[in-house]
Amino acid sequence: MNFIEELRWRGMLQDFTPGVEEFLLNNPTAGYLGVDPTGDSMHIGNLVPVMIMVHFQRAGHTPIALVGGATGMVGDPSGKDKERNLLSEEEIQHNVAGMRAQLAHFLDFNTAVNPAKLVNNYDWFKDMGFLEFLRDVGKHITISYMMSKDSVKKRMASEQGISYTEFAYQLLQGYDYVYLYQNHGVRIQVGGSDQWGNITTGTELIRRKLGHETEAFAVTCPLLTREDGSKFGKTADGDSVWLDPKKTTPYQFFQYWMNVSDEDAKKYIRIFTVKTREEIEALEAAHAENPGLRSLHRALAEDVTARVHGEKGLASAINLTDFHFGRQSGEEALAKLSIEDWLEVSNGPDKKSLSKSDLENGIGILDLLVQVGITQSKGEAKRAIENDKSVSLNARKVEAADFQVTTSDLFFGRFFQLQRGKKQKFIIEVSE
């Protein structure tokens with residue numbers, strides 16, 4: 001597999017150093033991606049370079065994920081208009097643990113041939129003194145070289161300027177490459193296009209410090225935006241789409257991909273899945289024939305959700321999608337909801353509450369409709385049932401005005417659904 005060509009046809013290739021394509025075709029090697037643990041979860045905006053490493057491993061090379069326990073304490077100025085808040089060592093270690101678990105969903109750490117590795121640059125920086133760093137690293141890179149980087153130029157021209165801490169960041173990242181070159185046989189570093197300056201500082205440091213006929217390469221991917229120009233990985237409300245299910249539920253994650261534009265779906269299915277060109281073109285043809293089925297979007301959403309949240313998370317996302325959008329009969333969709341699914345749907349604006357004591361001896365449907373505020377009076381409730389035939393309990397039509405609702409109608413002893421008409425669907429949560 002030609003790694004560079006694979007990235008090229010998928011639209012994942014921005015810049016690369018000369019000779020990298022030929023080198024990788026002839027030399028199984030190790031490459032690395034650095035991720036600074038500024039939070040305890042990645043968001044989907046972090047995934048493009050991660051997917052590059054997925055393809056790197058598929059091409060027979062060894063991917064190394066570097067979690068920046070040391071550089072995360074400093075902060076990268078690339079793409080930032082102001083200095084970020086510095087985190088404590090305890091916060092960094094907490095974040096490292098969270099991101100390590102998420103990376104395992106993408107990279108195979110157990111394969112016998114080229115298993116992925118995880119390293120933390122805190123391990124080699126923690127015992128390095130400042131004077132040692134200046135002598136062994138700083139002396140090899142000139143100030144003029146460091147100031148030529150776009151990330152530094154932009155910050156120098158800003159009102160805030162740039163601190164020495166952030167100015168030195170590229171030396172820290174450059175030394176990461178030197179260390180991995182010497183100790184793990186790394187010959188390529190990948191990252192987003194905003195990392196080009198930092199990555200090439202690493203290749204230059206290798207050349208100047210080690211004096212090799214250097215075979216150290218760089219590859220970057222484009223920074224994504226949505227078709228409308230908005231930032232990729234953000235919801236309509238401006239919230240990030242996280243990989244952590246506590247921050248973004250599997251259903252919300254699934255729906256993000258389902259709701260991208262047609263053009264974005266065509267782009268994203270190439271970037272965020274490992275489907276072949278033929279599979280993708282077949283999905284695009286099916287979508288063009290019947291756009292209403294959204295088969296392209298669904299294939300994208302299912303693939304990425306399964307990778308991030310596993311089959312259980314995907315099943316939950318699909319069940320909730322069927323519940324909200326009626327791909328299955330109402331009764332069938334309700335029966336598939338887990339307790340976690342019910343808890344999620346009960347957080348919506350259409351939630352109503354009821355005391356369990358009201359159901360102990362049963363409650364008449366007319367009283368229930370009035371009590372939870374779906375109708376204003378029992379007369380209105382009766383007309384809705386007998387004349388309009390518009391009231392359903394748990395997706396079953398209520399036929400008689402004297403119908404009694406009891407605890408046997410509850411899912412997990414806690415929830416039921418009450419519906420009036422096609423659009424008014426309410427989740428009733430019963431509490432002590």
Side-chain angles (χ1 to χ4, degrees), residues 1-33 44-65 103 105-108 111 113-114 116 187-196 199-200 217-229 232-233 256-258 260-289 291 294-308:
M1 173 178 158
N2 185 328
F3 170 66
I4 295 297
E5 178 56 31
E6 185 76 7
L7 300 187
R8 187 179 284 120
W9 80 258
R10 289 181 181 275
M12 300 173 71
L13 190 62
Q14 179 81 15
D15 295 303
F16 55 96
T17 49
V20 64
E21 186 167 8
E22 294 76 15
F23 178 82
L24 291 175
L25 281 172
N26 296 296
N27 300 276
T29 192
Y32 91 96
L33 165 69
I44 60 175
N46 302 129
L47 289 186
V48 184
V50 172
M51 288 304 299
I52 287 184
M53 297 307 282
V54 170
H55 294 299
F56 188 72
Q57 187 171 36
R58 294 177 64 231
H61 305 293
T62 300
I64 296 178
L103 286 166
H105 293 189
F106 293 86
L107 302 175
D108 189 347
T111 181
V113 180
N114 57 332
R187 296 295 181 266
I188 180 171
Q189 183 184 170
V190 307
S193 59
D194 61 333
Q195 290 295 307
W196 180 254
I199 295 174
T200 52
F217 303 98
V219 172
T220 64
C221 56
L223 299 180
L224 288 186
T225 57
R226 301 185 70 163
E227 185 185 26
D228 61 5
F232 169 74
Y256 178 84
W257 303 101
M258 286 293 293
V260 300
S261 71
D262 287 1
E263 286 306 309
D264 283 340
K266 292 175 184 177
K267 179 167 60 175
Y268 297 162
I269 201 165
R270 285 165 166 75
I271 294 173
F272 297 106
T273 78
V274 295
K275 293 184 183 298
T276 66
R277 194 195 302 247
E278 292 73 22
E279 289 172 326
I280 291 170
E281 288 174 351
L283 285 166
E284 289 173 338
H287 179 74
E289 187 174 334
R294 300 183 72 75
S295 53
L296 178 65
H297 298 70
R298 194 169 180 93
L300 168 65
E302 289 182 355
D303 192 292
V304 184
T305 304
R307 181 182 289 275
V308 172

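When a residue number appears, it is its place in the shown sequence, counting from 1. Heavy-atom basis, side chains included; hydrogens, waters and symmetry copies ignored. All of these numbers come straight from a predicted model, not from anything done at the bench.
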Here the gap from Leu25 atom CG to Asn27 atom CG, rounded to the nearest 0.5 Å, amounts to 9.5 Å
Exactly one candidate in Ile188, Val190, Asn114, Val219 meets side chain to side chain contact (heavy atoms under 4.5 Å, CB included) with Phe56; the answer is Ile188
* For Glu278, does the CD atom sit with more than 12 other heavy atoms under 6.0 Å from it, leaving out its own atoms? -> yes
Looking only at heavy atoms, the pair that brings Thr220 and Gly192 closest together is CG2-O, 3.6 Å
By side-chain hydrogen bond (donor to acceptor under 3.5 Å, both in side chains), Glu302 pairs with (sequence neighbours left out) Arg298
Check: residues 13-20 side-chain donor-acceptor pairs under 3.5 Å, at least two apart:
from  : atom 1 : to     : atom 2 : distance (Å)
Thr17 : OG1    : Ala218 : N      : 3.0

With sequence neighbours left out, the residues meeting side-chain contact (heavy atoms from CB on, under 4.5 Å) with Asp228 are Arg226, Ser230
Hits for side-chain contact (heavy atoms from CB on, under 4.5 Å) against Glu284, two or more places apart or cross-chain, chain-then-number order -> Lys266, Arg270, Ile280, Glu281, Leu296
Residues at least two apart in sequence or cross-chain that pass salt bridge (charged side-chain N to carboxylate O under 4.0 Å, His left out) with Arg8, listed by chain then number, are Glu5, Glu21
Contacts of Asp108 meeting side-chain contact (heavy atoms from CB on, under 4.5 Å) (sequence neighbours excluded), chain-then-number -> Gln57, Asn110, Thr111
Distance col, row Phe23:CZ vs Phe3:CZ, nearest 0.5 angstrom, shows 12.5 Å
Hits for side-chain contact (heavy atoms from CB on, under 4.5 Å) against Ala306, two or more places apart or cross-chain, chain-then-number order -> Glu311, Leu314
Across all chains, not counting sequence neighbours, the side-chain hydrogen bond (donor to acceptor under 3.5 Å, both in side chains) partners of Ser261 are Glu227, Asp264
Hits for ring pair (Phe, Tyr, Trp, His ring centres under 6.0 Å) against His55, two or more places apart or cross-chain, chain-then-number order -> none
Residues passing the side-chain hydrogen bond (donor to acceptor under 3.5 Å, both in side chains) test with Arg277, sequence neighbours excluded, are none
By side-chain hydrogen bond (donor to acceptor under 3.5 Å, both in side chains), Tyr268 pairs with (sequence neighbours left out) none
When rounded to the nearest 0.5 Å, the distance separating CE of Met51 from OG1 of Thr273 is 6.5 Å
